[in-house]
Amino acid sequence: MTIDHVRSILQDIVGTTHVFPNPEGPRLVVRPGSTEEVSRCLAALNQHAVPVVALGGLTGLVGGTDLFGAVVGLSTERLNKIHSLDPLRKLLVVDAGVKLEEVHRFVSERGFRYGVDFGARGSCTIGGNIATNAGGNSVVRFGMTRANVAGLEAVLADGRILSDTGGLVKNNTGYDLKQLFIGSEGTLGIVTKAVLRLTRPSHDTASVLLALNSLDDALHVMTTLEHRCGPSLLSMEIMWNRYFKTVSEAIAKGGPPPLSNAFAFYILAQAEGVDEEATAQDILVRALDGIDGIQDSALAHSQAHQEAFWAIRDGSEFIETGHPSVLSFDVSMRPQDYSTYVEKVERRLSERLSNAVPYIFGHLADGNVHFMIGHDNTVPDASHIIETCVYETLSGYWPTSVSAEHGIGREKADHLWRSRSGEEIAVMNAIRGTLDPAGILNPHVQYRARPAGLAFQA
Ligand SMILES: Cc1cc2nc3c(=O)[nH]c(=O)nc-3n(C[C@H](O)[C@H](O)[C@H](O)COP(=O)(O)OP(=O)(O)OC[C@H]3O[C@@H](n4cnc5c(N)ncnc54)[C@H](O)[C@@H]3O)c2cc1C
């Protein structure tokens with residue numbers, strides 16, 4: 001089958017203007033305008049065994065949309081309608097291509113909120129969030145995307161439409177099939193619609209930036225704030241010194257950062273208020289009272305002031321631009337293991353690649369550390385050395401994950417076995433083979449078993 005033939009089949013389904021050549025990634029991009037068009041496109045591609053990659057907002061961080069040399073990218077750009085809001089059940093029905101930020105805007109104008117939020121909100125789509133089971137800044141309160149999806153519609157590889165959009169709280173009639181698609185990175189079907197769970201917005205919010213000397217102190221602050229703030233706690237993020245210093249100085253542009261950069265660790269916590277009697281600021285100030293180990297603090301309750309604090313936490317692009325090459329990692333472990341794990345990675349890095357510069361930050365309460373490791377490209381196998389330092393050190397701990405939030409994509413496939421047993425990987429591939437026997441959906445996202453000779457870490 002030639003590329004012209006594929007183009008003409010797709011054009012017959014979606015119209016000539018919605019199929020176009022693509023200089024980067026898949027050779028053709030098709031933009032269906034409805035679930036039925038997605039279904040017809042997939043049925044046709046499946047019939048001819050043409051591989052296809054789902055394209056959302058392209059903000060994923062593990063190469064899940066880089067299907068180089070492949071044939072078709074199916075973009076959800078035109079699946080962009082917000083269908084309905086059920087205020088009684090607090091449910092929102094949206095198309096998969098709707099941007100996360102648009103969901104926030106739409107529901108907040110109507111007196112609701114959606115709990116999933118993170119830095120890529122302006123570009124990423126609900127379908128992409130579902131496909132990657134995105135986490136973000138308020139997992140401590142709302143959970144990952146999985147906890148915020150009450151239903152979905154997906155098109156299988158052969159074009160069948162699987163729909164579970166009722167959004168019932170209780171429905172124990174066999175398998176909860178929607179869960180299969182959440183976190184499946186486009187390998188089991190293309191998500192076309194979602195039913196999102198909403199909550200009522202907070203009365204107000206406040207954020208506090210805390211400086212600390214040790215990780216033990218950070219964990220003590222974390223457990224105390226969790227206990228004292230209860231459900232008011234929205235976020236609990238951590239930044240190691242080099243990350244805080246680099247990003248806060250870049251943002252301050254010569255002015256003073258909100259706290260001195262002389263401390264080893266910084267926590268950014270956010271809480272919400274209940275009413276005038278218990279505002280977010282009251283709750284945070286009361287919760288912080290008398291906690292040992294806090295060296296310095298800055299409280300923000302105005303929106304602008306809070307945004308300035310969060311710009312530091314979300315400012316990882318300042319690290320990206322600071323080195324010729326930067327490798328990013330997203331590992332997960334028990335918070336009590338951070339301290340020795342990070343020390344070991346830093347020591348191994350300094351022994352094996354002296355010009356590597358690690359920046360560390362993450363979601364403290366979720367046991368999720370982001371490493372960004374910059375280097376100057378002068379050592380040919382620098383990437384391999386860095387990966388070895390991060391992942392082989394991880395293998396000394398349990399439980400751990402090589403991808404806490406971002407998925408496997410292309411980039412983590414060689415390391416999946418470090419977090420999943422051979423049996424788990426076999427079952428994942430069996431489910432995939434059942435739903436997509438011709439293997440057309442995102443074939444570059446591979447669930448590879450442990451290479452011979454390497455031990456499973458657990
Ligand atoms: C600045 C920044 C901050 C981020 N912060 C976080 C964070 O805090 N927490 C977090 O979890 N992640 C974070 N991410 C990564 C996160 O995975 C993505 O931003 C987001 O969830 C992906 O959505 P997307 O629409 O851009 O998907 P894409 O990048 O387009 O796609 C991602 C994967 O999903 C598949 N896919 C896309 N749409 C569909 C669909 N409709 N059906 C089936 N498969 C589909 C793709 O094929 C691909 O494999 C961040 C990214 C950036 C750039």
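The residues of the chain are indexed from 1 along the displayed sequence. Predicted model, so just to flag it, every value in this text is computed and none were measured. As the structure lists them, so they are numbered: ligands from 1, and atoms in each ligand from 1.
The existence of a salt bridge linking Glu36 and Arg40 is excluded, since no basic side-chain nitrogen approaches an acidic carboxylate oxygen closer than 4.0 Å. A salt bridge is defined here as a Lys NZ or Arg NE, NH1 or NH2 lying under 4.0 Å from an Asp or Glu carboxylate O, and Arg141 with Glu226 fails to meet this definition. Ion pairing of Lys412 with Asp414 is absent here, as no side-chain N (NZ or NE/NH1/NH2) approaches a carboxylate O to less than 4.0 Å.
Atom 27 (O) of ligand 1 has as its closest protein heavy atom Gly128 CA, 3.5 Å. Regarding atom 17 (O) of ligand 1, its nearest protein heavy-atom neighbour is Thr132 OG1, 3.5 Å. Taking atom 47 (O) of ligand 1 as the reference point, the nearest protein heavy-atom neighbour is Ala54 O, 2.6 Å. Of the protein's heavy atoms, Phe118 CD1, 3.4 Å lies nearest to atom 6 (C) of ligand 1. When only non-hydrogen protein atoms are considered, atom 35 (C) of ligand 1 lies nearest to Ala131 CB, 3.7 Å. The nearest protein atom to atom 28 (P) of ligand 1, hydrogens excluded, is given as Leu58 N, 3.5 Å; this is a heavy-atom distance. For atom 11 (O) of ligand 1, the closest non-hydrogen atom of the protein is Gly135 N, 2.7 Å. Atom 18 (C) of ligand 1 has as its closest protein heavy atom Thr59 OG1, 3.2 Å.
By the 3.5 Å distance cut-off applied to N or O atoms, Gly56 is counted among the residues near ligand 1. Residue-to-ligand polar distances place Val191 within reach of ligand 1: an N/O pair is separated by less than 3.5 Å. At under 3.5 Å, not a single nitrogen or oxygen of Asn133, backbone or side chain, sits near a nitrogen or oxygen of ligand 1. Polar contact check, Asn137 against ligand 1: no nitrogen or oxygen pair lies under 3.5 Å apart.
Distances below 4.0 Å separate heavy atoms of Thr76 from the following atoms of ligand 1: 41 (N). Residue contact check: Asn129 has heavy atoms under 4.0 Å from atoms 20 (C), 21 (O), 23 (O) of ligand 1. In summary, the atoms of ligand 1 found under 4.0 Å from a heavy atom of Ala134, numbered by their order in the structure, are 11 (O), 21 (O). Of all atoms in ligand 1, listed by their number and element, those nearer than 4.0 Å to a heavy atom of Gly186 are 43 (C), 44 (N). Each of the atoms 43 (C) of ligand 1 lies under 4.0 Å from some heavy atom of Gly189. Atoms of ligand 1 lying under 4.0 Å from at least one heavy atom of Glu185, given by number and element, are 49 (O).
Geometrically, Arg121 does not engage Phe118 in a cation-pi contact defined by less than 6.0 Å to the ring centre and at most 45° from the axis.
The option with the heavy atom closest to atom 52 (C) of ligand 1, from among Gly60, Ala120, Gly64, Gly409, is Ala120. Looking at Leu61, Thr145, Leu441, it is Leu61 that brings a heavy atom closest to atom 50 (C) of ligand 1. With Glu317, His363, Glu405 as candidates, the residue nearest to atom 7 (C) of ligand 1 on a non-hydrogen basis is Glu405. Here the shortest heavy-atom distance to atom 24 (P) of ligand 1, taken over Ser316, Ala96, Gly119, Gly57, belongs to Gly57.
Centroid-to-centroid, the aromatic rings of Phe361 and Trp240 stay 6.0 Å apart or farther.
For the atom pair CD (Glu272) and OG (Ser138), the distance works out to 9.0 Å, reported to the nearest 0.5 Å. Atom OG of Ser34 and atom CD1 of Ile13 lie 10.5 Å apart (nearest 0.5 Å). Cys389 SG to Ile373 CD1: the interatomic distance, rounded to the nearest 0.5 Å, is 7.5 Å.
Summarising the local packing, CZ of Arg160 is surrounded by 12 or fewer heavy atoms from other residues, nucleotides or ligands at distances under 6.0 Å. Within 6.0 Å of the CD atom in Glu24, the count of heavy atoms belonging to other residues, nucleotides or ligands does not exceed 12. More than 12 heavy atoms of other residues, nucleotides or ligands shown are found within 6.0 angstrom of CZ on Arg146.
No side-chain donor-acceptor contact under 3.5 Å links His301 and Gln306.
Ring planes of Phe244 and Tyr266: parallel class, angle under 30° (limits at 30 and 60°). Under the 30°/60° scheme for interplanar angles, the aromatic rings of His406 and His370 are found to lie parallel.
For Thr192, no heavy-atom contact with ligand 1 is shorter than 4.0 Å.
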